[in-house]
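The structure under discussion appears below in the form of structure tokens.
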Amino acid sequence: MVAPVFRDELPTHVQGNYTKSPFLAVGMRRSYGDSVINNGNTLIDMTGLDRLIAFDETTGVLQCEAGATIDEILQVMVPRGWFLPTTPGTRFVTLGGAVANDVHGKNHHRVGSMGCAVRSLGLLRSDAAHQRLHPGDPLFHATIGGLGLTGVIADVEIALTPIRSAFLDVERIPYGNIGGFFAIASESAGGFEHTVSWIDCANGGQSLGRGIFQRANWCDDGALVPHRSKGGLAMPFDLPAHTLNGTTIRLFNTMYNRLQQRGEPRQRTHYAPFFYPLDSIRNWNRMYGAAGLYQYQCVIPHVCAQDATEELVRVIAASGAGSFLAVLKTLGGRSAGGYVSFPLEGATLALDFANRGAETLHLMARLDRIVAQAGGRLYAAKDGRMPAIMFQSGYPDWTHLNVLKDPATSSDFWRRVSY
């Protein structure tokens with residue numbers, strides 16, 4: 001691994017001796033699978049390139065180095081009344097990584113993915129000098145969501161969104177089944193910027209797909225208080241493998257469902273617990289035991305989203321492998337144009353499975369068939385086992401990325417799905 005701290009060091013690593021083995025630029029490496037792994041080859045750690053270069057207080061356009069994290073950007077920008085246009089479920093990712101995975105958030109139905117707000121980006125390749133890319137350039141659209149395979153993103157110019165508070169007015173609505181989710185989501189799309197749902201994937205029968213829907217808009221009270229970067233709880237050890245089983249997961253989901261229905265249905269909530277609930281628990285992945293976890297996230301086109309989601313949850317509940325934290329939300333039709341960007345108009349379901357070896361892989365293969373039949377696809381940023389045929393059928397434009405990728409880049413994921 002190499003770790004540059006100034007941008008003028010990048011050509012040495014990208015165009016010099018390190019191109020003798022395939023390289024891959026990485027940030028905080030929060031992806032769940034092998035899209036940030038490059039076994040036996042070179043990783044370029046970009047976290048040292050974390051400077052904010054320029055900011056226009058009038059337009060909200062920020063230019064910063066690709067290694068700057070969402071955590072660092074919000075610490076500086078929230079007190080000034082600005083927020084990122086969208087955000088994933090953790091703030092401990094770099095902006096370059098967010099662009100390379102074209103991340104989406106709870107407001108995709110309003111603003112699209114991260115790539116929709118990118119004005120330009122600086123790219124360094126092994127076979128070309130530093131380039132400035134803009135929307136409309138084929139290489140730009142290969143880089144947005146391109147998993148770092150078109151070269152090294154050196155810096156990003158992105159349009160932030162104005163806010164008048166660091167708090168949101170959050171409403172929680174319980175629903176009894178998946179049909180209830182889709183009814184509330186349709187009702188909420190026009191009047192709420194942020195929508196998301198916790199869904200119970202462990203209990204079947206009449207409770208199949210019950211959950212808690214959250215919808216929120218920014219407050220307007222002038223309280224521009226940034227989050228605290230440190231502190232919080234930590235998972236000190238790996239839980240024993242037998243701790244997570246069908247019974248304990250169903251019990252947890254039942255208790256969580258009841259707990260969420262208590263208290264006031266509307267609350268003023270700071271952006272940190274609303275957008276980043278798991279960031280408050282360090283090493284939370286240890287609750288899945290030493291064997292780790294798989295995250296499974298799919299998106300189903302709108303036309304068959306409800307039926308396919310019901311079938312997915314039915315299979316998961318019957319397996320006894322449900323998740324502590326399962327998320328269901330809708331995505332809108334706005335696209336950044338990335339050739340292998342994940343979002344499409346419909347519904348996306350994300351959940352964690354404790355790694356039980358062949359049993360877990362067999363379950364996910366069953367889910368794959370449901371997703372593929374519905375015309376959906378899986379999220380490469382969350383994937384650790386997607387078959388090549390599933391990737392290629394879900395992303396028919398993947399060949400455009402294959403043509404435009406840097407000849408000196410690679411990853412374990414790409415070697416697995418691109419043959």
Worksheet entry | Distance (rounded to the nearest 0.5 Å) between L124 CG and R7 CZ | 11.5 Å
Discussion item. Tell me whether the count of non-hydrogen atoms from other residues, nucleotides or ligands lying under 6.0 Å of CZ in R132 goes above 12.
Written reply: yes
Fill in: Heavy-atom side-chain proximity of L74 to P226 below 4.5 angstrom
no
Discussion item. Quick one: does any side-chain atom of R268 pair with a main-chain N or O of F167 as donor and acceptor, under 3.5 Å?
Written reply: no
Discussion item. Please determine whether salt bridge (charged side-chain N to carboxylate O under 4.0 Å, His left out) holds for the pair R228 and D279, giving the CA-CA distance in whole Å, both sets of side-chain angles, and the decisive distance to 0.1 Å.
Written reply: CA-CA 11 Å; R228 292 185 299 175; D279 283 351; over 6 Å; no
Worksheet item: Judged by atom type as modelled, is there a donor-acceptor pair below 3.5 Å linking the side chain of N177 to the main-chain atoms of G180?
Response: yes
Item to complete: Give a yes-or-no answer on whether the side chains of D71 and H227 include a donor-acceptor pair shorter than 3.5 Å.
Response: yes
Discussion item. Does any part of the side chain of C116, heavy atoms only, come nearer than 4.5 Å to the side chain of R334, both counted from C-beta?
Written reply: yes
Worksheet item: Checking side chain to side chain contact (heavy atoms under 4.5 Å, CB included) for the pair D155/I53: CA distance, chi angles, key distance, verdict?
Response: CA-CA 9 Å; D155 66 273; I53 300 169; 4.2 Å; yes
Worksheet entry | Side-chain donor or acceptor of H141 paired with backbone N/O of A336 under 3.5 Å | yes
Worksheet item: Looking at the rings of Y32 and Y294, which for Trp means the six-membered one, are their centres under 6.0 Å apart?
Response: no
Response to the item:
Between the CZ atom in F274 and the OG1 atom in T87, the distance rounded to the nearest 0.5 Å is 11.0 Å
Worksheet item: So, for F140 and H134, is the gap between ring centers shorter than 6.0 Å?
Response: no
Worksheet item: Does the pair K329 and L349 meet the rule for a side chain to side chain contact (heavy atoms under 4.5 Å, CB included), with working shown?
Response: CA-CA 7 Å; K329 60 189 175 187; L349 175 66; over 6 Å; no
Discussion item. Just verifying a value: how many Å separate L331 CG and H104 NE2, rounded to the nearest 0.5 Å?
Written reply: 5.0 Å
Worksheet entry | N402 side-chain N/O to S418 backbone N/O, donor-acceptor pair under 3.5 Å | no
Item to complete: Please determine, by modelled atom types, if S188 and T195 share a side-chain donor-acceptor pair under 3.5 angstrom.
Response: no
Fill in: NE2 (H302) with more than 12 external heavy atoms under 6.0 Å
no
Worksheet entry | Salt-bridge contact E171-R266 (side-chain N to carboxylate O under 4.0 Å) | no
Fill in: Distance in Å, L160 CG paired with I163 CD1, rounded so as to fall on 0.5 Å steps
10.0 Å
Fill in: Atom CD of E57 with >12 non-hydrogen neighbours under 6.0 angstrom
yes
Worksheet item: By side-chain hydrogen bond (donor to acceptor under 3.5 Å, both in side chains), which residues pair with R164, not counting sequence neighbours?
Response: D220
Worksheet item: Would you find a donor on one side and an acceptor on the other, under 3.5 Å apart, between the side chain of N217 and the backbone of E193?
Response: yes
Response to the item:
Tightest non-hydrogen contact, residues P4 and L49, listed as O-CG, 4.0 Å
Discussion item. Before we go on, tell me: are the rings of W218 and F83 under 6.0 Å apart, centre to centre?
Written reply: yes
Worksheet item: Distance-only, no hydrogens or angles: does the N107 side chain make a donor-acceptor pair with backbone N or O of R110 under 3.5 Å?
Response: no
Determine all donor-acceptor pairs shorter than 3.5 Å in which one atom belongs to a side chain in residues 375-382; sequence neighbours excluded.
{"residue": "R377", "atom": "NE", "partner": "F342", "partner atom": "O", "Å": "3.0"}
{"residue": "R377", "atom": "NH1", "partner": "G394", "partner atom": "O", "Å": "3.2"}
{"residue": "R377", "atom": "NH2", "partner": "S341", "partner atom": "O", "Å": "3.1"}
{"residue": "R377", "atom": "NH2", "partner": "F342", "partner atom": "O", "Å": "3.2"}
{"residue": "R377", "atom": "NH2", "partner": "P343", "partner atom": "O", "Å": "3.2"}
{"residue": "K382", "atom": "NZ", "partner": "Q295", "partner atom": "OE1", "Å": "2.7"}
{"residue": "K382", "atom": "NZ", "partner": "Q297", "partner atom": "OE1", "Å": "2.7"}

Worksheet item: Checking E72 side chain against T69 main chain: does a donor-acceptor pair fall under 3.5 Å?
Response: yes
Discussion item. I37 vs F413, test: side chain to side chain contact (heavy atoms under 4.5 Å, CB included). Steps then yes/no.
Written reply: CA-CA 7 Å; I37 298 175; F413 174 83; over 6 Å; no
Discussion item. Please identify which of these residues, L363, I316, V371, meets the side chain to side chain contact (heavy atoms under 4.5 Å, CB included) condition with Y296.
Written reply: V371
Practice prompt. Spell out, as yes or no, whether a donor-acceptor pair under 3.5 Å connects the side chain of T409 to the backbone of D406.
Written response: yes
Practice prompt. Could you check whether the rings of F181 and Y175 sit parallel, tilted or perpendicular, using 30° and 60° as the cut-offs?
Written response: tilted
Practice prompt. Can you see which heavy atom on I153 is nearest to which on L123, and at what distance?
Written response: N-CD1, 3.9 Å
Worksheet item: So, H270 side chain and V225 main chain: donor-acceptor pair closer than 3.5 Å or not?
Response: yes
Discussion item. Apply ring-ring contact (aromatic ring centres under 6.0 Å, His included) to residues Y288 and F353 and explain how you reach the verdict.
Written reply: CA-CA 8 Å; Y288 288 92; F353 294 121; 9.4 Å; no
Practice prompt. Take R415 and S410 through the test side chain to side chain donor-acceptor pair (under 3.5 Å) and record every step on the way to the result.
Written response: CA-CA 7 Å; R415 289 188 287 271; S410 191; 2.8 Å; yes
Fill in: Within-4.5 Å side-chain heavy-atom neighbours: F391 and V340
yes
Practice prompt. Hey, could you give me the CG/CE distance between N38 and M1, rounded to the nearest 0.5 Å?
Written response: 10.0 Å
Worksheet item: Less than 6.0 Å separating the ring centroids of F275 and H194?
Response: yes
Response to the item:
What one should report as the nearest heavy-atom pair of S165 and D221 is OG-OD1, 2.6 Å
Practice prompt. Go through I173 and I212 one step at a time and tell me if the side chain to side chain contact (heavy atoms under 4.5 Å, CB included) criterion holds.
Written response: CA-CA 6 Å; I173 307 171; I212 306 294; over 6 Å; no
Fill in: Pair R416 + D383, salt bridge at N-O below 4.0 Å
yes
Worksheet item: Among E65, R30, R29, M28, which residue meets the side chain to side chain contact (heavy atoms under 4.5 Å, CB included) test with T94?
Response: M28
Item to complete: Could you give me the CA-CA distance, side-chain angles and deciding distance for S411 and S35, then say whether side chain to side chain donor-acceptor pair (under 3.5 Å) is met?
Response: CA-CA 6 Å; S411 67; S35 63; over 6 Å; no
Worksheet item: About how many Å separate CG of L168 and CZ of R215, when rounded to the nearest 0.5 Å?
Response: 14.5 Å
Item to complete: List the atom of M46, the atom of A25, and the distance in Å for their closest heavy-atom pair.
Response: CG-CB, 4.0 Å
Worksheet item: Can Q306 and T309 be counted as having a side-chain donor-acceptor contact under 3.5 angstrom?
Response: no
Worksheet item: Just by distance, with hydrogens left out, do T360 and N355 show a side-chain donor and acceptor under 3.5 Å apart?
Response: no
Worksheet entry | More than 12 heavy atoms from other groups under 6.0 Å of CD on E187 | yes
Worksheet item: So, S113 and D102: side-chain donor and acceptor under 3.5 Å apart, yes or no?
Response: yes
Discussion item. Run the side-chain contact (heavy atoms from CB on, under 4.5 Å) test against S335 and tell me which residues pass, sequence neighbours left out.
Written reply: none
Fill in: Exam field: side chain R80 to backbone V76, donor-acceptor pair closer than 3.5 Å
yes
